[in-house]
Amino acid sequence: MKERLNLKISTFRKNSEKLILIFLICLFVVLSPSHVQAQTHFKLDAETLILTAQRYFSIELGLSPEELQDVKLATHVKSHEVADITWVCLKEEHLLLALSEIDKIVHGGWVVATGRNPGQKQRVGDMRTPEGIFQIESIEDARHWGFYEDSVTKERIGYGPYFIRLKTGWKGIGIHGTDEDHLHEIGKNASHGCIRMANDNLLEVVKMAKIGQKIVILPKLSQ
C-alpha cells in the first residue's frame, strides 16, 4: 500500500514537472525577441521614420535643411493634435506615415501592401491604388465582414478589424487589415487597390484616424 502511494506521488511530481517545463517554454517563446519582432516588424524604426519624414517634408513641402532639423518623433498623440494629422502613403516604398505638416511631428510609420498593379488607378477592377490628395470618409467596424474573394486567384482575404474608407472618387478604397494567411503580402504590390496592413498596426492607426483627415497617396518620393 505504501509503495503504491509513493509511486503515485512520484508520478504526480514527474507530471507536474513536465507541465511546469511546458509552461516555461511557452512563456519563453511568447516573450522572446523573435516573437516580439514578429509582432512589430511591419513598423519603421525611429531613425528610418525620421529620415523618411524629412524626405517628404523636403521634396513635397519644400522645407529647407534648417527647417528639417525641427522634425521630431512623438509616438503619443494628444487629443488636440489628431485633427492635424496627415496620412502619407508611398506606394513604391509600401509605407504609410502619420505626421503633422503644421508642427513637423511624426507620429508613426508602417509597412503596407498597395495595389497589385503599379500606376494611377484608371478603372474599376484594375487593382491599382489611386494617387492624389483625399480625405477619410468613414471609420467602420469590419470585425463581422468576413472575407472577400480575390477575383484572380480565388483566394479569400480578410479585412481585419476596421475599414477606414477613403473619399477618392472610387468605390471601396480604404485602409484595412488582413488575415494570417496573407500577412506575408504586406510590403508588396498585392491588394486590389486598398492600403492593406497588419491588424495590430491597423489598430494603432485607428486610434489616430478621424473623419476629414487628409491622406496623400504618392507613387513614390520623387527625387
Side-chain angles (χ1 to χ4, degrees), residues 30 34-45 48-49 52 75-77 82 85-99 106-118 121 124-125 127-131 134-168 170-218:
V30 169
S34 61
H35 181 82
V36 173
Q37 184 180 8
Q39 294 297 316
T40 60
H41 73 286
F42 294 121
K43 294 179 65 175
L44 298 184
D45 62 83
T48 303
L49 188 52
T52 305
T75 55
H76 297 288
V77 185
V82 171
I85 288 178
T86 293
W87 300 94
V88 177
C89 178
L90 308 174
K91 290 170 55 176
E92 187 171 292
E93 292 91 338
H94 297 105
L95 298 178
L96 178 66
L97 306 178
L99 44 84
V106 190
H107 294 291
W110 306 267
V111 179
V112 298
T114 51
R116 186 172 298 167
N117 295 320
K121 191 168 185 63
V124 174
M127 298 189 182
R128 292 184 172 95
T129 300
E131 300 163 7
F134 311 112
Q135 286 184 321
I136 291 180
E137 182 175 8
S138 62
I139 302 170
E140 305 169 24
D141 188 336
R143 287 174 294 179
H144 306 294
W145 285 16
F147 295 78
Y148 70 90
E149 186 175 286
D150 187 303
S151 59
V152 176
T153 65
K154 302 304 179 183
E155 293 179 297
R156 298 174 72 248
I157 303 171
Y159 285 99
Y162 286 94
F163 188 91
I164 303 174
R165 194 173 299 277
L166 305 179
K167 188 183 294 185
T168 65
W170 298 93
K171 184 179 180 181
I173 299 296
I175 304 171
H176 65 83
T178 190
D179 56 274
E180 288 292 330
D181 290 340
H182 295 88
L183 195 60
H184 67 280
E185 293 180 343
I186 302 301
K188 301 177 182 179
N189 293 340
S191 79
H192 283 210
C194 287
I195 298 169
R196 194 196 305 172
M197 59 194 312
N199 292 340
D200 54 344
N201 294 342
L202 177 64
L203 293 176
E204 294 180 356
V205 168
V206 167
K207 290 179 180 178
M208 293 184 279
K210 184 177 181 179
I211 294 172
Q213 284 174 332
K214 180 170 73 172
I215 176 166
V216 180
I217 304 179
L218 300 171

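Values in this document were obtained by computation on a predicted structure and should not be read as measured data.
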Chemist: So how far is it from K171 NZ to I173 CD1, rounded to the nearest 0.5 Å?
Modeler: 12.0 Å
Chemist: Do you know which two heavy atoms are closest between T129 and G115, and how far apart they sit?
Modeler: OG1-N, 2.8 Å
Chemist: How long is the straight-line distance from CD1 of I157 back to CD of E185, given to the nearest 0.5 Å?
Modeler: 5.5 Å
Chemist: If I compare all heavy atoms of I211 with all of S138, which pair ends up nearest, and what's the gap?
Modeler: CG1-CA, 4.0 Å
Chemist: So, using side chain to side chain donor-acceptor pair (under 3.5 Å) as the criterion, who are the partners of K210 when residues are at least two apart?
Modeler: none
Chemist: With no hydrogens and no angle check, is any side-chain donor or acceptor of T86 less than 3.5 Å from a backbone partner on K214?
Modeler: no
Chemist: If we only count heavy atoms from C-beta on, is the I215 to V88 side-chain gap below 4.5 Å?
Modeler: no
Chemist: May I ask you to test the F42-M197 pair for a side-chain heavy-atom distance under 4.5 Å?
Modeler: no
Chemist: What closest approach, in Å, do F147 and G158 show between heavy atoms, and which atom pair accounts for it?
Modeler: CD2-N, 3.4 Å
Chemist: To check you understand the geometry: which heavy-atom pair defines the closest contact between A209 and I164, and what is its length?
Modeler: CB-CD1, 4.1 Å
Chemist: Can you give me the closest heavy-atom contact between C89 and L96, atom names plus distance?
Modeler: CB-CD1, 4.1 Å
Chemist: Counting only heavy atoms from other residues, nucleotides and ligands, does the tally under 6.0 Å from CD of E180 exceed 12?
Modeler: no
Chemist: Does P118 offer a backbone N or O that forms a donor-acceptor pair with the side chain of R128 under 3.5 Å?
Modeler: yes
Chemist: With sequence neighbours left out, write down each residue that passes side chain to side chain donor-acceptor pair (under 3.5 Å) with E204, or none if nothing qualifies.
Modeler: K43, W110
Chemist: Could you work out, with side chain to side chain donor-acceptor pair (under 3.5 Å) as the rule, every residue matching D179, not counting sequence neighbours?
Modeler: H182
Chemist: List in chain and number order the residues that pass side chain to side chain donor-acceptor pair (under 3.5 Å) with N189, two or more places apart in sequence or in another chain; answer none if no residue qualifies.
Modeler: H94
Chemist: Could you tell me which residues satisfy side chain to side chain contact (heavy atoms under 4.5 Å, CB included) with R143, sequence neighbours excluded, listed by chain and number?
Modeler: D141, P161
Chemist: When you measure from the side chain of K121 to the backbone N and O of G193, does any donor-acceptor pair fall under 3.5 Å?
Modeler: no
Chemist: Do V111 and N201 come within less than 4.5 Å of each other through their side chains, counting heavy atoms only?
Modeler: no
Chemist: Taking all non-hydrogen atoms of both residues, which atom of G109 and which atom of L97 are closest, and how far apart?
Modeler: CA-CD2, 4.0 Å
Chemist: Which distance, rounded to the nearest 0.5 Å, do you find between the CG of N117 and the NE2 of H192?
Modeler: 10.0 Å
Chemist: Drop me the distance from H176's NE2 to N199's CG, to the nearest 0.5 angstrom.
Modeler: 10.0 Å
Chemist: Would T114 and I217 satisfy side chain to side chain contact (heavy atoms under 4.5 Å, CB included), going step by step from the backbone distance to the final call?
Modeler: CA-CA 10 Å; T114 51; I217 304 179; over 6 Å; no
Chemist: Do T178 side-chain atoms and A198 backbone N/O form a donor-acceptor pair below 3.5 Å?
Modeler: no
Chemist: Atom CG of L166 and atom CD of E137: how far apart are they, to the nearest 0.5 Å?
Modeler: 8.5 Å
Chemist: Does some side-chain heavy atom of V205 sit less than 4.5 Å from a side-chain heavy atom of W87?
Modeler: yes
Chemist: Nearest 0.5 Å please: distance from the CG atom of L95 over to the CG atom of L49.
Modeler: 9.0 Å
Chemist: By the side-chain hydrogen bond (donor to acceptor under 3.5 Å, both in side chains) test, which pairs, at least two apart or in different chains, include something from residues 158-167?
Modeler: E140-R165
Chemist: Given side chains that start at C-beta, do those of Q213 and Q135 come closer than 4.5 Å, heavy atoms only?
Modeler: no
